[in-house]
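Within every chain, numbering begins at 1; the chains are lettered A, B, ... in the order of the sequence lines, protein sequences first and strands thereafter.
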2 protein chains.
Amino acid sequence: MKKPCHCAQHSHQKQELASLTTRLRREDRKITGPRAAILEILRQHSHPLTTKEIFAELPKGECDLVTIYRAMQLLEKLGMVKRFDFGDGAARFELVEEGDDGHHHHLICTQCAQVVEIEECFPPEIERRIAQQNGYRAVTHRLEFFGVCPDCQRLK
Amino acid sequence: MKKPCHCAQHSHQKQELASLTTRLRREDRKITGPRAAILEILRQHSHPLTTKEIFAELPKGECDLVTIYRAMQLLEKLGMVKRFDFGDGAARFELVEEGDDGHHHHLICTQCAQVVEIEECFPPEIERRIAQQNGYRAVTHRLEFFGVCPDCQRLK
DNA sequence: TTGTAATTGCAAATGATTTGCAATTAATTA
DNA sequence: TAATTAATTGCAAATCATTTGCAATTACAA
């Protein structure tokens with residue numbers, strides 16, 4: 001249907017989808033319609049999506065909501081997707097580059113839920129000290145920022 | 001039953017319960033059996049408790065689980081309690097000192113759920129920069145650490 | 001093309017939390 | 001101290017996100 005596109009951006013995406021399906025196959029998993037569609041949607045978004053949001057973007061009837069839940073569980077287990085928790089009761093998922101662990105944070109508008117990706121991270125040396133002081137091992141963290149975005153400030 | 005105790009630690013706690021009920025009354029709220037019991041339980045723990053945990057510690061029949069949910073909502077609104085989210089699907093609550101906002105973090109064992117309170121915080125200047133760079137206002141953060149506690153390392 | 005394990009859909013189960021509503025009660029007020 | 005009233009509670013049922021059981025379907029290796 002779609003003509004192949006060779007511009008830098010799209011060839012990057014093409015490649016990504018191919019590598020995604022490869023990663024699945026590598027694990028003896030099947031590339032099914034629902035899975036391809038879900039990966040496609042995730043590829044099109046740079047911000048984490050809830051299961052419902054993915055479902056809403058899928059051509060209707062493409063698959064059941066339960067299938068998305070199952071797909072996200074699988075993709076998370078394979079490290080292809082990273083789960084985020086904004087504290088509103090719905091898990092969110094973002095595609096992870098191969099070989100990456102997807103660790104990063106977000107700045108979320110408390111009024112409109114707009115999301116900004118943040119590269120800044122909790123200082124590793126401080127985390128190391130916290131781990132050490134308490135005798136903990138393999139310490140990581142979950143960190144998200146909340147505030148009011150420019151648009152919502154204006155509306156006030 | 002219990003004899004009054006005047007040591008520094010306990011007199012501090014006594015005072016605290018009185019100030020807690022005062023804070024309620026100040027807002028035209030009633031001091032009921034369930035509420036007093038819930039506050040008492042929270043006072044006895046330095047770590048956040050889930051609604052279920054509070055319920056379990058209450059003398060059985062003291063009150064309904066729903067009453068605890070409602071009490072926590074009220075106490076949170078009044079700023080007497082702080083809600084924490086360890087990402088396991090159950091909200092946790094910790095008493096907040098008057099005039100304080102209760103902001104702090106935890107180090108949670110991923111095996112046994114043991115909790116350590118952490119005073120360390122995300123560097124304010126970095127948070128300020130993040131806010132500024134994205135035009136956000138009133139930025140705060142949610143941060144929790146996860147790892148394996150000493151005990152669970154041993155059991156490995 | 002076929003065999004088989006992986007996957008899906010649908011319905012029902014879970015678990016945390018909320019809500020509706022009538023009965024109860026803390027704290028005033030007379 | 002009793003009457004008054006708004007706040008509070010218990011109980012059942014509703015919600016919401018997520019999971020599970022199971023029989024029917026399907027991707028893909030042989």
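Of the candidate nucleotides C/dT8, D/dA12, D/dC28, D/dC28 has the atom lying nearest to any side-chain atom of A/Ile31. Closest to the side chain of A/Arg70, out of C/dT7, C/dG9, D/dT9, is C/dG9. In the set D/dT18, C/dA26, D/dA27, the nucleotide with an atom closest to the side chain of A/Thr32 is D/dA27. Checking D/dT18, C/dA16, C/dT8 against every side-chain atom of A/Pro34, the shortest atom distance belongs to C/dT8. Of the candidate nucleotides C/dA6, D/dT9, C/dT17, C/dT17 has the atom nearest to the side chain of B/Tyr69. Comparing D/dA12, C/dG9, D/dT19 against the side chain of A/Asp64 picks out C/dG9 as the nearest.
The CG atom of B/Leu24 sits 12 Å away from the C1' atom of D/dA7 (whole-angstrom rounding). Distance, B/Arg26 CZ to C/dA26 C1': 19 Å, rounded to whole Å. Counting to the nearest Å, the C1' atom of D/dA17 and the CZ atom of A/Phe55 are 14 Å from each other. Between B/Met72 atom CE and C/dT19 atom C1' there is a gap of 19 Å when expressed in whole angstrom units. What separates CD1 of A/Ile68 from C1' of D/dT18 is a distance of 13 Å, to the nearest Å. Between the P atom of D/dA14 and the CG atom of B/Leu65 lies a distance of 18 Å, rounded to the nearest Å. Put simply, CG on A/Leu49 is 15 Å from P on D/dA17, counting in whole angstrom units. Atom CZ in B/Arg29 sits about 15 Å away from atom C1' in C/dT25, given to the nearest Å.
Here A/Glu27 lies out of heavy-atom contact (under 4.0 Å) with every strand. Nucleic acid contact class of A/Arg35 (heavy atoms, under 4.0 Å, all strands): sugar-phosphate only.
A/Leu107 belongs to a hydrophobic cluster with A/Val116, A/Ile118, A/Phe122, A/Ile126, A/Ile130, A/Tyr136, A/Val139, A/Leu143, A/Phe145, B/Leu107, B/Val116, B/Ile118, B/Phe122, B/Ile126, B/Ile130, B/Tyr136, B/Val139, B/Leu143, B/Phe145, counting contacts under 4.5 Å between side-chain heavy atoms of Ile, Leu, Val, Met, Phe, Trp and Tyr, direct or through other members.
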Could you walk me through whether A/Arg25 and A/Ile31 pass the side-chain contact (heavy atoms from CB on, under 4.5 Å) check?
CA-CA 7 Å; A/Arg25 254 190 274 272; A/Ile31 316 296; 3.4 Å; yes

Worked verdict on B/Glu76 versus B/Arg83 for salt bridge (charged side-chain N to carboxylate O under 4.0 Å, His left out):
CA-CA 7 Å; B/Glu76 186 185 18; B/Arg83 178 188 299 255; 3.0 Å; yes

Worked verdict on B/Arg26 versus B/Glu98 for salt bridge (charged side-chain N to carboxylate O under 4.0 Å, His left out)
CA-CA 13 Å; B/Arg26 205 186 293 153; B/Glu98 172 128 55; 3.2 Å; yes

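The neighbour count for A/Arg129 CZ, taken as heavy atoms of other residues, nucleotides or ligands under 6.0 Å away, is above 12. Other residues, nucleotides and ligands place no more than 12 heavy atoms under 6.0 Å from the CG atom of B/Asp28. Environment of CD in A/Gln132: sparse, with no more than 12 heavy atoms of neighbouring residues, nucleotides or ligands closer than 6.0 Å.
A/Lys30 contributes a side-chain N or O that forms a donor-acceptor pair with the base of C/dA6 under 3.5 Å.
Near DNA chain C, defined here as any heavy-atom distance below 4.0 Å, the residues from residues 79-91 of chain B are B/Gly89, B/Ala90, B/Ala91, listed numerically.
Comparing A/Gly33 and B/Arg25 by the nucleotide of DNA chain C that holds the closest heavy atom to each, the one mapping nearer the 5' end is A/Gly33.
Across every non-hydrogen atom of B/Gln153 and B/Val148, the tightest pair is NE2-O, 2.9 Å.
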